[in-house]
Amino acid sequence: MSGGVVPLLRDPGAAATRYRRADTYDCPRVHHDVEEVVELGGTDEVLEALIDGLEALDGVASAGEVLVLLAASVPVLQNALPYDDEVGVAIIPHPHEMRRDGVSEDNFVGFRYGDRPVYETYKLCDNCSSRIRDQHYYHCSEDCDTDFCAKCHDRLKDIETVWRDGGGCLERARKCIAVAERLARVILDLPQKERCMVGHTLGLEWEDRHFEMLVSALVHVANARIVHVEDVKRVEGDEDFWYLMALLQLLYQCNLRQGRRFGEAGARRPKIDPGNFVLHGINKKEKAAEWQRWRDHRDARVPDFLTLSEPFHPTGEFCSFLTHTTLVPVAFRRGCLMIDVAEELFREDKECLRFHQEFSVSRDPEFIVDNFLAHWEDKKEAYIRRRLNVGFTNEVARGPGVVREFFQKVMEGFLRDSRFFEFKPQLRTYWPHPDADLEFSRQGYRAIGVLMGKALGVEQVLFPACFPTLLYDRLLHFLGSPLAKQELGLEDLSQIEDAVANGLREVLEYSKDDIGERYEDLGWERAGLDSRELCQATKEHFVSTIVRWMLVDRNQAALEELGKGFELSVGQSQMLRTLVDARQLEQIVCGHTAAVDIEAIRSNASYQGWDDEDDEYLDWFWSVLGELDDEKKTKFVVFVTASDRAPLGGWRDCRLIVQRSGREERRDCLPASFTCMSMLMLPRYETRAKLRSKLLQAIESSEGFGLQ
């Protein structure tokens, strides 16, 4: 081994000489040595050599020295930390024993969900960042300022046990974290030319799988460190962590911007999925505190590290998670955005959050739209901004679950009404009807925009996923967002008219002189092009003009009304206007489509009213759900939540509550649900077969939203 790559790690200068090739580096030789280090598996020998190499760097390093150390870090950092599969992040084991602690009965404040006692502990869990409401929790035996709720403590203890049994060592984990953070500082301290050379090599020359392994390893370290960032007095005081964030941003920029080799025609796709950079550990942070930090630095931007000429140093503006919008999970961004929208609405009109608008509508899709629009007719904007307290005719139920169902039912009514939208069956999406009677439909479009904004803001529900991403881009364009597209193209047209977009691509690709005769029947006159001749010199103008006509001009009035309604509900939120693009807005408003994961739902479910001897029965329940086909699993989710969309944080965020319904006298009743709390009221049936039968009867009778 002494004749291999390990000695080079201890002498980065020799490595730089080995790899140097004019103004670049011998990447095949680098790849060969990376493979050797990967085969070594990140052994202790490699780790210690890597530490020695970092210590040997004297002053400003070179790109070559950095590249060999960076390559060696890949296998060393992989699997260096225990991993929480439920949350999807790595963790740093607490160095001290956690002892059971708690509060007295004097801190009892009441019951939640029927029989669960709630206590005021004045503690936050340092793993999930939730308020600890159980009587007992766990506190550091050495009196560190560290507390875990009982659920997190038990799960983390199990994770750490498995990790240690597999050879995990806390001291080695801390060394690996130090290596990652030291590497980050060395790279960011490089002169601009050397830093750019590192970026060029990583973006263009490194094999994709090595690059992905590097990003994955650094993301694991960053996720584990996130929860400890506020262990210092000031967030920006943890410089090591923010240098690590800067390195991830540099790699993100390499991934997107180094898209073309010299001599290559056209741009390539990113090396890896940009979603690999998302730090799900940020979900553990307190949204209100991060929103406040962003508000203090709302104009902050991440620098371009590939062209940055002056030395980098983390500032207060940089040390805000929301500044790093590309690394922030959509679920966390949605929570912060809701705070920003509510704050702006309250600033503009304090009554909109204090009062509700109460009304009832028919559940029948044939009448619900007219009922709804009649209620809002002639109402002032201040009233329309208020929260909804809606019900269905001849039904007494009200509350968040009914509001969610109202959103589903009223949009079902709008989409069935051909006066408003045109259904695109091949793409299973809807777009404003080009021949809509605006004298009638104007109020309807604005009402839909209002509902979309309310889903994001004061109501905090998921909106039905019935529109293409393009519509969300047009909403951002109406708000003046710099992240909205200024020019629309064929990829946008393909979201609603795929066949037409393909035909126009053919026009652009056609190179013969008879182009005017060949494509004269494509309806150019609709966009006012009948007075011009289609030829090779004008084909791009023809295509861009017809695209704009189809996507914007003929639907201008409808899109403006949707935008006005949306703006009415979201106010002057600057976060919405500056930190969210169209695809992110669609995910924030609608959640995302994903196959129902029963095991994920089970992992975060809670139980009320059950005894220890009911464990086998609850196993029956979960096994019955697991055996259902995808359609019935979706119906079950609709039954207990009034929505078929996956929460942005994944199905474990469904937070299902399984409440025992009655005792002996209710064994023949069907299961029921309180959708406002995602609570299933489940009787205890005598047999597994009866449990399955009754559960299927209940979910088959539930109503859900679906596209035609």
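Residues: numbered from 1 along the sequence shown.
- No side-chain heavy atom of Arg298 sits less than 4.5 Å from a side-chain heavy atom of Thr578.
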(request) List the steps and the verdict of ring pair (Phe, Tyr, Trp, His ring centres under 6.0 Å) for Phe332 and His280. (result) CA-CA 9 Å; Phe332 189 85; His280 293 284; over 10 Å; no
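- Across every non-hydrogen atom of Leu327 and Ile282, the tightest pair is O-CD1, 3.8 Å.
- A salt bridge does not link Arg225 to Asp240: none of the charged nitrogens lies less than 4.0 Å from a carboxylate oxygen.
- When atom types are taken as modelled, the side chain of Glu348 and the backbone of Gly571 share no donor-acceptor pair closer than 3.5 angstrom.
- Under a 4.0 Å N-O distance rule, the pair Glu567/Lys564 does not qualify as a salt bridge.
- The shortest side-chain heavy-atom distance between Val302 and Gln253 falls under the 4.5 Å cut-off.
- No donor-acceptor pair under 3.5 Å is formed between the side chain of Asp126 and the backbone N or O of Phe148.
- With Ser673 contributing its side chain and Phe639 its backbone, the two residues share a donor-acceptor pair below 3.5 Å.
- Using a cut-off of 4.0 Å between Lys/Arg side-chain N and Asp/Glu carboxylate O, Glu412 and Lys409 are scored as salt-bridged.
- Side chain of Gln495 to backbone of Leu470: a donor-acceptor contact under 3.5 angstrom is found.
- For the atom pair Trp291 CH2 and Glu343 CD, the distance stands at 4.0 Å (nearest 0.5 Å).
- Using a cut-off of 4.0 Å between Lys/Arg side-chain N and Asp/Glu carboxylate O, Asp629 and Lys632 are scored as salt-bridged.
- Contact annotation: the side chain of Thr326 never approaches that of Pro274 to less than 4.5 Å [non-hydrogen atoms, C-beta and beyond].
- In terms of modelled atom types and a separation under 3.5 Å, the side chain of Tyr119 and the main chain of Val109 share no donor-acceptor contact.
- The pair Lys287-Glu290 fails the salt-bridge criterion, with no side-chain N (NZ, NE, NH1 or NH2) lying under 4.0 Å from an Asp/Glu carboxylate O.
- In this pair, His324 and Trp242 present their aromatic rings parallel. The plane angle is below 30°, not in the 30 to 60° band.
- Glu120 and Arg131 are joined by a salt bridge, as a carboxylate oxygen and a charged side-chain nitrogen come within less than 4.0 angstrom of each other.
- Judged by distance alone, the side chain of Gln584 and the main-chain N or O of Asp581 form a donor-acceptor pair under 3.5 Å.
- Met98 CE to Cys152 SG: the interatomic distance, rounded to the nearest 0.5 Å, is 10.5 Å.
- Ring-plane geometry between Phe467 and Phe421 is classed as tilted, the angle between the planes lying from 30 to 60 degrees on a 0 to 90 degree scale.
- At most 12 heavy atoms of other shown residues, nucleotides or ligands fall within 6.0 angstrom of atom CG in Asn79.
- Heavy atoms only, all atoms of each residue included: Ala180 and Leu218 are closest at CB-CD2, 4.0 Å.
- At a threshold of 4.5 Å between non-hydrogen side-chain atoms, the residues Asn283 and Val89 do not count as touching.
- Checking side-chain atoms of Arg333 against main-chain N and O of Val328 turns up a donor-acceptor pair under 3.5 Å.
- Ser494 and Leu427 get closest at one heavy-atom pair: O-CD1, 3.4 Å.
- Nearest heavy-atom pair across Leu202 and Lys271 is O-CE, 3.3 Å.
- Listed here is the closest heavy atom pair of Arg474 and Lys485: NH2-O, 2.9 Å.
- Here Tyr445 and Phe566 keep their ring centres 6.0 angstrom or further from each other.
- In plain terms, the two heavy atoms of Tyr83 and Ala90 that are nearest each other are CD1-N, 3.7 Å.
- Residues Arg385 and Ser569 are not in side-chain contact: their nearest non-hydrogen atoms beyond the backbone lie 4.5 Å or more apart.
- One side chain, Thr469 or Glu586, offers a donor N or O that lies under 3.5 Å from an acceptor on the other.
- Looking only at side-chain heavy atoms (C-beta outward), Leu559 and Leu471 come within less than 4.5 Å of each other.
- Between the Thr121 side chain and the Ile132 main chain, a donor and an acceptor come within less than 3.5 Å of each other.
- Expressed to the nearest 0.5 Å, how far CG of Asp473 lies from CG of Leu488 amounts to 6.5 Å.
- To the nearest 0.5 angstrom, Met245 atom CE is 9.0 Å from Cys319 atom SG.
- With hydrogens and angles ignored, the 3.5 Å screen pairs a side-chain donor or acceptor of Asp597 with a backbone N or O of Glu599.
- Looking only at atom types and distance, the side chain of Arg577 has no donor-acceptor partner in the side chain of Gln574 under 3.5 Å away.
- Heavy-atom neighbours of Arg301 CZ from other residues, nucleotides or ligands within 6.0 Å: above the threshold of 12.
- Using modelled atom types, one finds a donor on one side chain and an acceptor on the other under 3.5 Å when comparing Asp340 with Ser573.
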(request) May I have the step-by-step check of salt bridge (Lys or Arg N to Asp or Glu O under 4.0 Å) for Glu344 and Arg347, ending in yes or no? (result) CA-CA 5 Å; Glu344 289 299 325; Arg347 184 180 60 80; 2.6 Å; yes
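- At a threshold of 4.5 Å between non-hydrogen side-chain atoms, the residues Phe407 and Leu462 do not count as touching.
- When side chains are defined from C-beta on, Phe211 counts as touching Asn255, because their heavy atoms get closer than 4.5 Å.
- Listed for the Arg334 side chain is a donor-acceptor partner under 3.5 Å among the backbone atoms of Ile588.
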